[in-house]
Amino acid sequence: MADAAGDLPRIEIYSTLTRKKTPLETVQPGHVGMYLCGPTVYKPSHIGHMVGPVIFDTVKRHLAYSGWKVTWVVNVTDVDDKIIAESAARGTTMAKLAEEMTADYLENLATLGVTGIDVMPKATEHIGTIIAFIEGLIAKGMAYASDGDVYFDVTRDPDYGKLTNRSVEQTQGEGGSTAERKRSAADFALWKQAKPGEPAWDSPWGPGRPGWHIECSAMSKAILGPHFDIHGGGLDLVFPHHENEIAQSESLHDCPMATYWMHNGLMQAAGAAGKVGGRPRGGEGSADDAAAQAATKISKSTGAEPFKNLLARHRPEAIRVLLLSTHYRSPIHFGEEPLGESGRAMEAFERLFARSERITATDFYGLPCRDRRAGDAAVAAAGDEVTALRAKFLAAMDDDFNTAIAMATLFDLVRVVNKFIDQHGLETKKPAAELAALGAMLLVMRELTGVLGLFLQRPRQAAGADEGLVAQLMDLVIEIRANARKAKDFGTADLVRNKLTAAGIVLEDRPDGTGWSRK
RNA sequence: GGCUCCGUAGCCAAGUGGCUAAGGCAGCGGAUUGCAAAUCCGCCAUCGUCGGUUCGACUCCGACCGGAGCCUCCA
């Protein structure tokens with residue numbers, strides 16, 4: 001369980017299980033097995049579904065960049081009560097609906113630059129694995145069949161509740177119609193008998209389908225082994241889902257399921273007071289205003305619009321920046337305002353990229369991301385300030401993936417590079433030494449933004465068919481205006497600029513000429 | 001009622017037992033510009049309230065107030 005590879009950096013990870021940070025030590029030296037609970041595919045994904053994937057994509061990028069080999073698994077729950085209900089309502093089949101919604105999910109992930117998923121198992125493709133897992137639990141006396149269902153017997157699991165610090169007595173269980181088939185209320189279903197007309201698989205207990213928690217235990221074992229390194233998910237999955245996964249897996253295997261349990265904070269729809277969940281709290285006389293403005297997690301708010309709708313209004317880069325600007329364990333305040341703000345903040349990067357491309361004639365997006373983390377000496381050409389910022393960035397990422405600080409150092413880096421360009425007048429002069437230093441700085445920028453999965457592709461231009469024509473016209477307008485300015489005819493020059501601004505085109509008179517961009 | 005967690009500038013958001021409490025957005029002043037835009041420089045917080053521990057706390061402990069999550073499906 002120790003990392004023999006001594007050249008790997010020390011990375012600290014917070015685990016919900018221990019409630020503290022400890023240095024990453026992997027089951028297999030140099031290899032990280034990582035499992036993230038993915039979506040139940042019954043509706044188009046919303047922004048809340050994107051949080052975990054973006055965060056763990058960033059985790060994987062940083063681990064891989066730091067020298068580990070990483071296998072990242074994200075499951076897709078494609079058999080479930082909600083899918084059955086939704087497909088019935090739509091008059092389609094569970095399989096078809098799941099396929100459609102999985103495609104939607106994958107498309108959204110790709111848009112956000114989540115590219116690191118290695119394996120994406122589906123529950124329906126692992127029914128045999130799941131049944132074998134359940135049989136193992138029954139054989140060990142940890143589970144029992146009851147009238148076509150199979151339940152996990154929590155009373156046989158001495159450390160049940162260790163993840164969330166609660167006792168069997170404190171859990172209420174599903175209740176409802178299954179109550180009388182269970183030995184105790186906190187027992188949970190491993191296998192559910194099919195009702196007539198429902199999708200079903202044959203099993204030793206009759207036709208049915210897997211319970212909610214078992215697929216993750218069975219599939220993570222099949223792909224990553226009984227004990228792997230990192231298990232992730234949203235904070236709302238800690239109980240009962242992850243608690244029950246631990247119960248199943250550790251009861252069967254007698255070893256830890258995952259060394260680190262990482263949970264991301266939930267998207268909050270600021271101001272969109274949804275229903276007030278949970279049991280009533282003691283006090284009365286609640287402040288109406290506070291209640292009205294209370295944030296609510298997206299999945300329980302009315303703000304959970306399909307992610308695709310969101311993309312019509314906001315650039316994916318702005319969304320990723322927003323997600324990474326907050327520490328991953330904190331809730332994220334979400335809404336039009338925060339998104340617009342992070343969009344504006346992000347444009348400072350793109351302006352710098354464009355500026356440096358004008359100077360160096362090098363495509364920033366085409367620069368190679370340094371894929372293996374190197375020591376300070378490797379980036380010395382970029383100067384002390386940049387080297388120091390890079391060290392700060394890496395230290396932040398090594399400290400439980402503190403992307404908020406990492407982002408802050410990136411903003412500092414933008415300022416440092418802009419200042420360097422200003423001070424050396426690189427837009428008009430081209431001294432070779434300074435250009436080389438600028439190139440080194442941009443390589444660091446490319447390296448670090450790459451670790452966060454940002455700016456990997458040139459943003460798509462507004463795809464107007466007349467784009468070439470517009471560019472030609474703009475060249476003409478700018479030339480005419482330049483002549484006016486030369487002739488000190490500023491009235492004409494300002495008229496042109498003001499009219500263009502009103503039309504959504506911004507003119508910038510720079511030392512090396514006039515540029516334009518769409519607002 | 002039980003279990004987690006949070007409360008930092010106008011807004012968002014890091015962080016630390018004692019050194020200048022990151023960064024972003026907005027705002028203000030300056031440099032630059034024909035004027036702008038962009039860029040750069042500078043300004044803008046004593047850390048929910050009240051107690052306690054300590055030589056010293058925003059950081060630890062307690063109480064209180066406010067907010068979030070979970071205890072039922074949820075990323």
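All figures in this text were calculated on a predicted structure; none of them were measured in a lab. In what follows, chains carry the letters A, B, and so on, assigned in the order in which the sequence lines appear, proteins first and then strands, with residues in each chain numbered from 1. Quick note: numbers below take in every heavy atom, side chains included, and nothing from hydrogens, waters or symmetry partners.
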Margin query: For A:Pro338 and A:Met50, find the nucleotide of RNA chain B closest to each by heavy atoms; which residue's nucleotide sits nearer the 5' end?
Written below: A:Pro338
Check: Of A:Asp494 and A:Asn402, whose closest RNA chain B nucleotide lies nearer the 5' terminus?
Finding: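 Its nucleotide being nearer the 5' end, the pick is A:Asn402.
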Check every atom of [options] against the side chain of [X] and return the nucleotide holding the closest atom.
X: A:Ala493; options: B:rC71, B:rG34, B:rA22; answer: B:rG34
X: A:Arg19; options: B:rU39, B:rU4, B:rG34; answer: B:rU4
X: A:Lys419; options: B:rA75, B:rG69, B:rC40; answer: B:rC40
X: A:His46; options: B:rC3, B:rA75, B:rA36; answer: B:rA75
X: A:Leu266; options: B:rA22, B:rU4, B:rA75; answer: B:rA75
X: A:Asp422; options: B:rC70, B:rC35, B:rU39; answer: B:rU39
X: A:Thr40; options: B:rA75, B:rU39, B:rC40; answer: B:rA75
X: A:Asp236; options: B:rA22, B:rA75, B:rC12; answer: B:rA75
X: A:Pro39; options: B:rA75, B:rC3, B:rA22; answer: B:rA75
X: A:His327; options: B:rA38, B:rC35, B:rA14; answer: B:rA14

Does a donor on one side chain and an acceptor on the other come within less than 3.5 Å for [X] and [Y]?
X: A:Asn244; Y: A:Tyr160; result: yes
X: A:Arg61; Y: A:Thr115; result: yes
X: A:Asp104; Y: A:Ser45; result: yes
X: A:Thr164; Y: A:Glu243; result: yes

Spacing of the [atom1] atoms in [M] and [N] (rounded, Å):
N: B:rC58; M: B:rC43; atom1: P; answer: 24 Å
N: B:rA13; M: B:rG69; atom1: P; answer: 15 Å
N: B:rC6; M: B:rU59; atom1: P; answer: 13 Å
N: B:rG29; M: B:rA38; atom1: P; answer: 16 Å
N: B:rG48; M: B:rG42; atom1: C1'; answer: 31 Å
N: B:rC12; M: B:rC50; atom1: P; answer: 22 Å
N: B:rU46; M: B:rG56; atom1: C1'; answer: 15 Å
N: B:rG23; M: B:rG51; atom1: C1'; answer: 34 Å

Return yes when atom [atom1] of [X] has more than 12 non-hydrogen atoms of other residues, nucleotides or ligands closer than 6.0 Å, and no otherwise.
X: A:Lys499; atom1: NZ; result: no
X: A:Glu337; atom1: CD; result: no
X: A:Glu347; atom1: CD; result: yes

Integer-rounded Å distance: [N] [atom2] and [X] [atom1]:
X: A:Ile505; N: B:rA37; atom1: CD1; atom2: C1'; value: 15 Å
X: A:His333; N: B:rC5; atom1: NE2; atom2: P; value: 18 Å
X: A:Asp400; N: B:rG15; atom1: CG; atom2: P; value: 9 Å
X: A:Asp80; N: B:rA75; atom1: CG; atom2: C1'; value: 14 Å
X: A:Leu495; N: B:rC35; atom1: CG; atom2: P; value: 19 Å
X: A:Ile298; N: B:rA68; atom1: CD1; atom2: P; value: 15 Å
X: A:Leu413; N: B:rC40; atom1: CG; atom2: P; value: 12 Å
X: A:Ile359; N: B:rU39; atom1: CD1; atom2: C1'; value: 11 Å

May I ask you to say what [X] touches in the nucleic acid, namely base, sugar-phosphate or nothing, with a heavy-atom cut-off under 4.0 Å?
X: A:Arg166; answer: base
X: A:Lys392; answer: sugar-phosphate
X: A:Gly52; answer: nothing
X: A:Arg358; answer: nothing
X: A:Gly515; answer: nothing
X: A:Leu507; answer: base
X: A:Phe239; answer: sugar-phosphate

Mate of [N] where both pairing distances stay under 3.5 Å, Watson-Crick or G-U:
N: B:rA68; result: B:rU4
N: B:rA57; result: none
N: B:rG27; result: B:rC43
N: B:rG34; result: none

Check: What class does the angle between the rings of A:Phe188 and A:His213 fall in, given that below 30° is parallel, 30 to 60° is tilted and above 60° is perpendicular?
Finding: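 Rings of A:Phe188 and A:His213: perpendicular, over 60°.
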Between the protein and nucleotides 24-27 of chain B, which nitrogen or oxygen pairs come in under 3.5 angstrom?
unit_1	atom_1	unit_2	atom_2	d
B:rG24	N2	A:Glu341	OE2	2.8
B:rC25	O2'	A:Arg344	NH1	3.1

Margin query: Applying ring pair (Phe, Tyr, Trp, His ring centres under 6.0 Å) as the test, list every pair that has at least one member in residues 403-422 of chain A; sequence neighbours left out.
Written below: A:Phe349-A:Phe411, A:Phe420-A:His424
Would you tell me if any nitrogen or oxygen in the side chain of [X] comes within less than 4.0 Å of OP1 or OP2 on [N]?
X: A:Asn418; N: B:rC40; value: yes
X: A:Ser325; N: B:rC12; value: no
X: A:Arg329; N: B:rC5; value: no
X: A:Lys297; N: B:rC70; value: yes

Margin query: Quick check: A:His231 with A:Tyr35 (ring centres under 6.0 Å apart)?
Written below: yes
Next item on the list: Examine the base of B:rC35 for any acceptor or donor lying under 3.5 Å from a partner atom in the side chain of A:Asp509, and report the outcome as yes or no.
Entry: yes
Margin query: I'd like to know if A:Arg497 reaches the base of B:rA36 with its side chain, counting only an N/O donor and acceptor under 3.5 Å.
Written below: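 When only heavy-atom distances are counted, A:Arg497 does reach the base of B:rA36 through a donor-acceptor pair under 3.5 Å.
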Note to self: Could you check whether A:Lys82 makes a cation-pi contact with A:Tyr42, meaning its NZ or CZ is under 6.0 Å from the centre of the six-membered ring and within 45° of the ring axis?
What the structure shows: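 Ring-cation test returns yes.
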Check: Do the numbers put A:Arg181 on top of the ring of A:Tyr151, so that NZ or CZ is under 6.0 Å from the six-membered ring centre and no more than 45° off the axis?
Finding: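 Because its charged atom misses either the 6.0 Å distance or the 45° angle limit, A:Arg181 does not stack over A:Tyr151.
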